[in-house]
Protein chains: 2
Amino acid sequence: MTKKQSGLSSKANKIESVEGLNDCPITVALSVIGGKWKVIVLYILRDGTLRFGEIRKKIPKITQKMLTQQLRELERDGLVSREVFPEVPPRVEYSVTKLAEDLSPILDQLCSWGSKLK
Amino acid sequence: MTKKQSGLSSKANKIESVEGLNDCPITVALSVIGGKWKVIVLYILRDGTLRFGEIRKKIPKITQKMLTQQLRELERDGLVSREVFPEVPPRVEYSVTKLAEDLSPILDQLCSWGSKLK
DNA sequence: TTAGTTAGTATCAAAGAGGGAACCATGACT
DNA sequence: AGTCATGGTTCCCTCTTTGATACTAACTAA
């Protein structure tokens, strides 16, 4: 049955948790921001609302499929909000949520920690 | 040439960075702790030095290959230190480094942020 | 009528990650 | 000689993830 579902979810690469710590929010958090392009998308959206095509232009190497996928997952996890305008051609705007804003300072700390890694 | 190299590194799953932000330490940090079992290993080693077999017993689902790989990467990135005792049978002890200890509070914050995710 | 626009989907193939099992060295014990 | 223990390594196979490409809807402009 294979359920193609356009490549959401994961498994091979999912971060594991410990016995008796299976719901440790760290693993939840990492699974939410650990996607291949997610921190970039969050970083870019931090400066303000953007529509799909604008995000693509700012991340030239991402494919349309990947961007769609990452945005869908970020939306599902409550980090970005998506607004569709019923126009032609279509217009869809993305922006970060309060939850993502709360994450920002932590990412900054992670950033300064990461800078110690040579 | 294919370079099997025992399955170190990654690529498909590597977190991407932005043009002009390619060395953003966030992506570095995430790549360092983002491995499938790394936060578990760090979590377990936080309580003190353990030898290889002991870690295995605490993470029953991990395979020997994976544990070796994750420990090697953590060591390479300066998060754990590895001490080999020239005995027979071999004894190898692992412990967290200062760098990993510095990371701890950030992981805790990430943890409390993650707990807001339902 | 044909082309152009945006935001996607669908499909196929390639690359990568992870599991399983087998193998290895060394010395002690039986 | 055969077995056990520890900490690995190697190979193969499968599943997942990613990339590339083509296709769609719906309306506008030429």
Side-chain angles (χ1 to χ4, degrees), chain A residues 1-17 30-31 34-38 40-41 45 49-76 80-95, chain B residues 1-16 31 34-38 40-41 45 49-76 80-95:
Chain A
M1 40 177 71
T2 322
K3 277 191 75 178
K4 279 277 180 65
Q5 72 171 161
S6 281
L8 258 162
S9 82
S10 73
K11 179 180 174 185
N13 194 44
K14 187 172 281 170
I15 289 157
E16 296 282 343
S17 30
L30 285 179
S31 72
K36 190 173 185 176
W37 307 88
K38 287 183 183 172
I40 313 179
V41 172
L45 284 179
T49 298
L50 290 177
R51 46 193 298 197
F52 189 84
E54 292 172 324
I55 303 176
R56 276 204 77 183
K57 273 171 211 130
K58 289 182 180 269
I59 315 176
K61 286 186 299 179
I62 201 172
T63 60
Q64 198 163 27
K65 189 177 90 175
M66 274 292 107
L67 181 54
T68 302
Q69 182 193 314
Q70 302 285 293
L71 285 169
R72 288 289 192 286
E73 293 182 13
L74 287 169
E75 187 197 5
R76 180 201 60 196
V80 312
S81 61
R82 176 175 184 266
E83 190 175 7
V84 183
F85 297 84
E87 304 171 355
V88 169
R91 179 158 64 102
V92 181
E93 291 187 347
Y94 293 91
S95 50
Chain B
M1 43 173 66
T2 322
K3 278 192 73 177
K4 279 274 180 69
Q5 72 169 161
S6 281
L8 258 163
S9 82
S10 73
K11 179 179 175 189
N13 195 42
K14 188 172 282 169
I15 290 154
E16 295 283 344
S31 71
K36 191 174 186 177
W37 306 87
K38 288 182 185 173
I40 312 180
V41 172
L45 284 179
T49 298
L50 289 177
R51 43 192 301 196
F52 188 85
E54 293 172 324
I55 303 176
R56 276 204 79 183
K57 274 172 210 130
K58 288 183 181 271
I59 315 176
K61 286 187 299 181
I62 200 173
T63 61
Q64 197 164 29
K65 189 178 90 174
M66 273 294 108
L67 181 53
T68 301
Q69 182 193 314
Q70 301 286 291
L71 284 169
R72 288 289 191 286
E73 293 183 14
L74 288 169
E75 187 197 5
R76 180 200 62 197
V80 311
S81 60
R82 176 176 184 265
E83 189 175 6
V84 182
F85 296 84
E87 305 171 357
V88 168
R91 179 157 66 103
V92 182
E93 292 188 345
Y94 293 91
S95 49

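Throughout, protein chains are lettered first and strands after them, A, B, ... in sequence-line order, and every chain is numbered starting at 1. Quick caveat, the model's predicted, so the values are computed rather than measured.
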- Item | Distance in angstrom units between A:I55 CD1 and C:dG8 C1', rounded | 13 Å
- Item | Counterpart residues, salt bridge (charged side-chain N to carboxylate O under 4.0 Å, His left out), relative to B:E93 (two or more places apart) | B:R91
- Rounded to the nearest Å, what distance is computed from the CD1 atom of residue A:I15 to the P atom of nucleotide C:dG18? 10 Å
- Spacing between B:R82 atom CZ and D:dG8 atom C1', to the nearest angstrom: 9 Å
- Nearest-Å distance, CD (A:E87) to P (D:dT28)? 12 Å
- Using a cut-off of less than 4.0 Å, is there contact between a side-chain N or O of B:Q69 and OP1 or OP2 of D:dT9? no
- Here the distance between atom C1' of D:dG7 and atom CD of B:Q70, to the nearest Å, is 17 Å
- Round to the nearest Å and state the distance from B:E75 atom CD to D:dG8 atom P. 9 Å
- Query: Just to confirm, is there a sub-4.0 Å distance from OP1 or OP2 of C:dG8 to any side-chain nitrogen or oxygen of A:R56?
  - Reply: no
- Query: Which letters describe nucleotides 19-29 of chain C, given B = protein heavy atom under 4.0 Å from base, S = only from sugar-phosphate, - = neither?
  - Reply: BB-----BB--
- Query: Any side-chain heavy atom of A:R72 sitting closer than 4.5 Å to one from A:T68?
  - Reply: yes
- Query: Between D:dT6 and B:R51, is there an OP1 or OP2 to side-chain N/O distance shorter than 4.0 Å?
  - Reply: no
- Item | side-chain contact (heavy atoms from CB on, under 4.5 Å) against A:R56, all qualifying residues, sequence neighbours excluded | A:F52, A:Q64, A:L67
- Note on the structure: Test side chain to side chain donor-acceptor pair (under 3.5 Å), reference B:Y94, set B:E83, B:E54, B:R82, output is B:R82
- Query: Quantified as the angle between the terminal helix axes (five pairs each), what is the overall bend of the helix from C:dT1-D:dA30 to C:dT30-D:dA1 to 10 degrees?
  - Reply: 30°
- Query: Do B:K61 and B:W37 have side chains that get closer than 4.5 Å, going by heavy atoms?
  - Reply: yes
- Item | CD-CD distance between A:Q70 and A:E73, expressed to the nearest 0.5 angstrom | 5.5 Å
- Item | B:F52 CZ - D:dG8 P separation (whole Å) | 5 Å
- Decide yes or no for A:V92 and A:F85: does some side-chain heavy atom of the first lie under 4.5 Å from some side-chain heavy atom of the second? no
- side-chain hydrogen bond (donor to acceptor under 3.5 Å, both in side chains) partners of A:S95, counting only residues at least two apart: A:S81
- Message: Within the 4.5 Å heavy-atom criterion, are B:I40 and B:I62 side-chain neighbours or not?
- Response: no
- Describe the nucleic acid contact of B:Y94 in one word from base, sugar-phosphate, nothing, applying a heavy-atom distance below 4.0 Å. sugar-phosphate
- Using only side-chain N and O atoms of B:R72, determine if any of them is under 4.0 Å from OP1 or OP2 of D:dG8. yes
- Task: Provide, to the nearest angstrom, the distance between the NZ atom belonging to A:K14 and the C1' atom belonging to D:dT17.
- Result: 13 Å
